[in-house]
S.K.: 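Pasting a structure here, questions to come.
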There are 2 protein chains.
Amino acid sequence: MSDRNGKKSDIISVAKAARVSPSTVSRYFNHPELLKLTTRRRIEKAVRKEGYIRNRAAQTIHGIRSGTIGVLVPTIDHTIFAEVVQAFSDAVAEEGFTILLASHGYDPQREYAILRKFLEHRVDGIALTGLDHDEAVFQLIESQDVPTVMMWNYAAESLYPSIGADNELAGQMISQHVLALGHRAVACLFAPGAGNDRAKARSRAILNTLAAAGVVVPQDWQLTTVYSVSESKRQAFELFSNARRPTALICGNDILATGAIYAAARAGLKLPDDISIVGIGDFKGSSEFEPGLTTVRLPARRIGRRAGMTLAAAIKDPDADRTGAHCAPELVIRGSCRAI
Amino acid sequence: MSDRNGKKSDIISVAKAARVSPSTVSRYFNHPELLKLTTRRRIEKAVRKEGYIRNRAAQTIHGIRSGTIGVLVPTIDHTIFAEVVQAFSDAVAEEGFTILLASHGYDPQREYAILRKFLEHRVDGIALTGLDHDEAVFQLIESQDVPTVMMWNYAAESLYPSIGADNELAGQMISQHVLALGHRAVACLFAPGAGNDRAKARSRAILNTLAAAGVVVPQDWQLTTVYSVSESKRQAFELFSNARRPTALICGNDILATGAIYAAARAGLKLPDDISIVGIGDFKGSSEFEPGLTTVRLPARRIGRRAGMTLAAAIKDPDADRTGAHCAPELVIRGSCRAI
DNA sequence: AATAGTTTTGCAAATGTTTTCATAAATTGC
DNA sequence: GCAATTTATGAAAACATTTGCAAAACTATT
C-alpha cells in the first residue's frame with residue numbers, strides 16, 4: 001500500500017495522483033455526496049496509494065473544530081478518576097472526539113497552566129474535576145468561552161454545568177446510617193481538604209450530621225490521612241490500639257476504609273462485631289471484602305458518561321441544554337457495619 | 001484583564017495593539033532574544049490586554065511539533081494502566097508534551113482506528129501497550145514514521161523500543177517460588193489471552209515452568225476469568241468448594257488474586273495455612289492485605305516514566321538512543337504463600 | 001558628522017487545508 | 001439536437017501562523 005516515496009503526502013499530492021484539483025480531494029472527505037462516483041473511487045485509490053492522512057491542524061485554523069476535549073483530573077491513578085475518565089472518554093469517542101488528558105495533583109497553579117495548554121491546542125471543550133477552581137481558571141474559560149463542564153461534584157447553582165454527585169449529601173447519608181444503627185462513639189478518617197472540594201464537603205457534612213444528633217467526635221478521633229491504603233491502615237491501627245475505641249469509624253472514601261479494614265484485621269478486631277467501618281464511593285472491589293463494605297455509591301461511570309455526553313452536545317450545538325445533572329449517591333448496605 | 005471585545009484575538013490583533021508587525025509578535029514567542037527589551041515589554045502588555053492564546057494548530061502546519069503524544073492503552077481504569085499513564089504523562093509533561101489518551105478495550109480494530117485519529121492530530125509520538133499489534137498498525141506507524149514506544153511488555157528483539165517487564169520471566173519467577181516452597185498440587189487462575197500478549201506470556205510461562213518441574217496442572221484447575229475481583233472470587237470459591245483442593249493457587253495478576261483471597265475467606269480457608277495464593281503485579285494495596293500478598297512486582301510507575309522519557313527524547317532528537325529497557329520484575333515475598 | 005557594523009523590525013511567501021464563486025460537464029425537457 | 005437546468009469540478013482567497021530576506025534603526029568608530 002502506502003508507498004510514501006520520500007516526503008509526507010498532502011492533499012495536493014493526492015490530487016495530482018487522482019488527477020483532480022485539491023478542492024475536490026477536500027470535498028471527498030467533507031462532502032463526499034457532492035462527488036461523482038467515479039471520481040470518488042479515483043480519489044479513494046489515490047489516498048490509499050499515497051498513504052495520506054488528513055491534517056486536523058490545517059483544518060482547525062479554518063475555525064473547524066479540533067475534535068479534542070481537554071480533561072483535567074487531580075490524578076489519573078485513583079480508581080475513581082480512572083473510572084470517570086474511562087467512561088467520559090468512551091462517551092465522547094462515540095461523537096468523534098479524542099481527549100487530551102492531564103493531571104494537576106491538586107495544585108491550582110498547575111491547573112491553570114494546563115488549562116492554558118489545552119486552549120493553545122484549541123480544544124473544543126473542557127472538563128474539569130470539582131467546582132472549586134482558581135479565579136484565574138474561571139476567567140480564562142470565560143474569556144475564551146469554550147464549552148465547559150465540571151465533573152464529579154454536583155451543585156445546583158454552579159456557573160457551569162456540573163455533573164456529579166452531591167458529596168455533602170453523601171456524607172450526610174452515611175453518617176445518618178451510622179447514627180440510625182445506634183452508634184454514638186464514632187471516629188472519622190478524612191482525606192485532606194486542601195484543593196479538594198469533594199473531600200471538604202464530605203467531612204463537613206459528616207461532622208455536622210453527627211453533631212446535629214448530639215454526637216461529638218473528639219479531636220483525637222478526627223483523623224486525616226492522604227489517599228493511600230497503607231497510610232490509612234497505619235492511622236486506623238493506631239486508633240484501634242488505644243484503650244478507648246469507637247464503635248464505628250466513618251471513612252471519607254473507600255480507599256481509606258480499605259486501610260481501616262486491614263488495620264482492624266491486624267488489630268484482631270472482627271467486623272462488624274468489634275467495630276463497624278463505613279466508606280464513601282463504592283469503589284470497584286468494595287463489595288467483595290468479607291464482609292462487604294457498607295458505603296455510599298458515587299456512580300463514577302454514570303458521571304463520566306453523562307459529563308461526556310453533555311459536553312459533546314454543548315460543543316455540537318451551542319444552544320444545547322447546558323444544565324448539570326445530579327447523579328444521586330446511593331446507600332449500599334453490606335456487612336461491615338452493624339446495629340448496636 | 002483580557003477584554004476580548006468580540007472576536008477571538010489572533011497574532012494580528014496583538015500586533016496592532018502593540019504597534020508592531022505580526023512577525024515581531026511571532027518572534028516574541030519563538031525567539032524572544034531577538035527583540036529589543038522595550039518592544040518585548042510592549043508586546044507582553046498587548047498579549048495580556050487581548051487575552052491572546054497561541055494557536056498550536058497554526059504552528060503545526062509549519063512543520064512545527066504539535067506538542068502532543070498519543071497514548072493507547074487497553075483500558076484506563078485498571079490500576080496498572082492508570083499508574084503507567086500517570087507516570088508517563090508526568091514524564092512527558094516535564095518536556096512540554098500533552099497526551100492524547102484513548103483506550104481500545106483489547107480490540108485490534110479499534111486500536112487501528114484510534115491510531116489513525118492520533119496521526120490526523122499529527123501527534124509527535126505514539127505509545128502503545130504491549131508488543132502484539134495488528135499488521136495494519138505496524139504498517140501505519142512505519143509509513144508515517146512517527147517515533148513510537150511499546151510499553152508494558154519487554155522483549156529484547158522488538159522492532160520498536162519496548163519498555164516494560166518481561167512477563168514471561170514474571171510468570172517463571174512466581175511459579176518457581178511456589179515450586180521451591182514444595183507445592184505440587186497447584187491450580188491456576190488466568191486472565192483471557194485474546195488480544196493480550198502480557199496475559200498470554202504469563203500463563204504460558206507459568207504452565208511451562210510447572211511442567212518442567214513435573215507438576216501438571218489438571219484441566220479443571222486451569223481457570224480463566226475476566227479482569228474482575230467479583231468474577232475471580234466466584235471462580236475461586238467454586239474451586240475451593242471441591243473435595244480435592246490445591247495447596248497453592250497461582251493467579252495471573254493481583255486483581256484475580258484479590259478475588260481468590262476473598263473467596264478463601266468466604267470458604268473459611270485461612271491463608272496461608274489452608275491455601276497459598278500468589279499473584280503477579282504488586283498492585284497498589286497488595287501489600288496491605290492480612291496477610292500480605294506474595295507476588296511479582298511489575299514496576300508500573302517506572303515503566304511509564306521511562307517510556308515517557310525515552311519517547312520524548314526520541315522526538316526531540318531523532319538520533320537519540322532508541323533502545324528499549326527492561327524494568328525487571330521482582331519477587332515480593334509476603335505472607336500469603338507458605339512452605340509445605 | 002559620516003561611515004561601517006550591528007541589531008531590530010517589517011514584508012512577503014509559505015504552510016495544508018476549506019470554501020465561495022465561477023465555469024465546465026452532464027442531464028433533462030421539448 | 002438545442003436550450004435550460006442541474007450537477008460536478010476547478011481557481012483563488014482565506015485561515016493563523018513562521019521565516020528568509022531586506023530595510024530600517026541604532027551604535028560604535030573615526
Side-chain angles (χ1 to χ4, degrees), chain A residues 4 6-44 46-47 50-68 117 119-124 144 146, chain B residues 4 6-44 46-47 50-68 117 119-124 144 146:
Chain A
R4 329 175 322 78
K7 39 212 82 230
K8 299 258 173 216
S9 74
D10 56 7
I11 212 174
I12 296 180
S13 66
V14 173
K16 279 207 185 98
R19 321 185 121 265
V20 294
S21 75
S23 355
T24 307
V25 178
S26 171
R27 273 189 281 260
Y28 167 78
F29 286 110
N30 300 304
H31 314 282
E33 73 282 359
L34 293 181
L35 297 194
K36 221 160 81 179
L37 192 67
T38 57
T39 39
R40 206 147 51 184
R41 290 256 169 73
R42 208 134 43 87
I43 295 175
E44 190 186 331
V47 165
E50 295 282 315
Y52 170 70
I53 293 188
R54 303 175 73 183
N55 186 337
R56 289 207 85 127
Q59 303 182 263
T60 301
I61 63 169
H62 284 271
I64 290 167
R65 289 200 297 262
S66 69
T68 57
K117 210 153 239 177
L119 292 169
E120 288 185 4
H121 285 291
R122 294 296 188 264
V123 292
D124 298 326
Q144 301 300 117
V146 43
Chain B
R4 333 175 319 78
K7 39 214 82 234
K8 299 257 173 211
S9 75
D10 57 7
I11 212 174
I12 295 179
S13 65
V14 173
K16 276 204 186 101
R19 322 186 119 265
V20 294
S21 76
S23 356
T24 307
V25 178
S26 171
R27 273 187 280 259
Y28 166 78
F29 286 110
N30 301 303
H31 313 284
E33 73 284 357
L34 292 181
L35 297 195
K36 221 160 83 180
L37 192 67
T38 58
T39 38
R40 207 149 48 187
R41 291 255 169 72
R42 208 136 40 90
I43 295 176
E44 190 185 329
V47 165
E50 295 282 315
Y52 171 69
I53 292 188
R54 302 175 74 183
N55 186 336
R56 291 207 84 127
Q59 303 183 265
T60 301
I61 64 169
H62 286 270
I64 289 166
R65 289 199 298 261
S66 70
T68 57
K117 209 153 241 175
L119 292 169
E120 289 184 1
H121 286 291
R122 293 298 187 263
V123 292
D124 298 327
Q144 300 301 117
V146 43

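Predicted model, so just to flag it, every value in this text is computed and none were measured. Labels below follow one simple rule: chain letters A, B, ... track the order of the sequence lines, proteins then strands, and each chain is numbered from 1.
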S.K.: Please check the phosphate of D:dT9 (OP1 and OP2 only) for any side-chain N or O of A:Thr39 closer than 4.0 Å.
M.R.: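 True: A:Thr39 side-chain N/O within range (under 4.0 Å) of D:dT9 OP1/OP2.
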S.K.: Is A:His31 near enough to C:dT19 that one of its side-chain N or O atoms lies under 4.0 angstrom from OP1 or OP2?
M.R.: yes
S.K.: Go through the N and O atoms of the side chain of B:Ser23 and the base of C:dC11, and report whether any donor-acceptor pair is under 3.5 Å.
M.R.: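 Checked by distance alone, the answer is yes.
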S.K.: Roughly, in whole Å, what's the span from CD1 in B:Ile61 to P in C:dT17?
M.R.: 9 Å
S.K.: Are OP1 or OP2 of C:dT8 and a side-chain N or O of B:Tyr28 less than 4.0 angstrom apart?
M.R.: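 Result: no.
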S.K.: Would you confirm whether the ring centroid of B:Phe29 sits within less than 6.0 angstrom of the ring centroid of B:Tyr52?
M.R.: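 Yes, they do, as the ring centres are separated by less than 6.0 Å.
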S.K.: Would you please confirm or rule out a distance under 4.0 Å between OP1 or OP2 of D:dT18 and any side-chain N or O of B:Arg54?
M.R.: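 The answer is yes; a side-chain N or O of B:Arg54 sits under 4.0 Å from OP1 or OP2.
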S.K.: Under 4.0 Å from OP1 or OP2 of C:dT20: is there any side-chain N or O of A:Arg27 that close?
M.R.: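 So the side-chain polar atoms of A:Arg27 never come under 4.0 Å of the phosphate oxygens OP1 or OP2 of C:dT20.
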S.K.: Separation of B:Asn55 atom CG from D:dT17 atom P, in whole Å?
M.R.: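 Distance, rounded to whole Å: 5 Å.
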S.K.: When you check the phosphate oxygens OP1 and OP2 of D:dT17, does a side-chain N or O of B:Thr60 lie under 4.0 Å from one of them?
M.R.: no
S.K.: Could you please name the option among D:dC26, C:dT18, D:dT17 that lies closest to any side-chain atom of A:Arg122?
M.R.: D:dT17
S.K.: Taking the side chain of B:Ser21 as heavy atoms from C-beta outward, which of C:dC11, C:dT18, D:dT17 is closest to it?
M.R.: C:dC11
S.K.: Hey, does the side chain of A:Asn30 come within less than 4.0 Å of C:dT18's phosphate (OP1/OP2), counting only N and O?
M.R.: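 Result: yes.
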S.K.: Measure the spacing between OG1 of A:Thr60 and CZ of B:Arg122 and express it to the nearest 0.5 Å.
M.R.: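 It comes to 11.0 Å.
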S.K.: I want to verify a distance call: between C:dC11, D:dA16, C:dT18, whose nearest atom is closest to the A:Ile64 side chain?
M.R.: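 Looking only at side-chain atoms, A:Ile64 lies closest to C:dT18.
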S.K.: Determine whether B:Val47 and B:Glu44 make a side-chain contact, defined as any pair of heavy atoms from C-beta on separated by less than 4.5 Å.
M.R.: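 Contact flag for B:Val47/B:Glu44 side chains = no.
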S.K.: Check this one for me: any side-chain N or O of A:Gln59 less than 4.0 Å away from OP1 or OP2 of C:dT18?
M.R.: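 The answer is yes; a side-chain N or O of A:Gln59 sits under 4.0 Å from OP1 or OP2.
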S.K.: Counting C-beta onward and ignoring hydrogens, is there a side-chain heavy-atom pair between A:Leu35 and A:Ile43 closer than 4.5 Å?
M.R.: yes
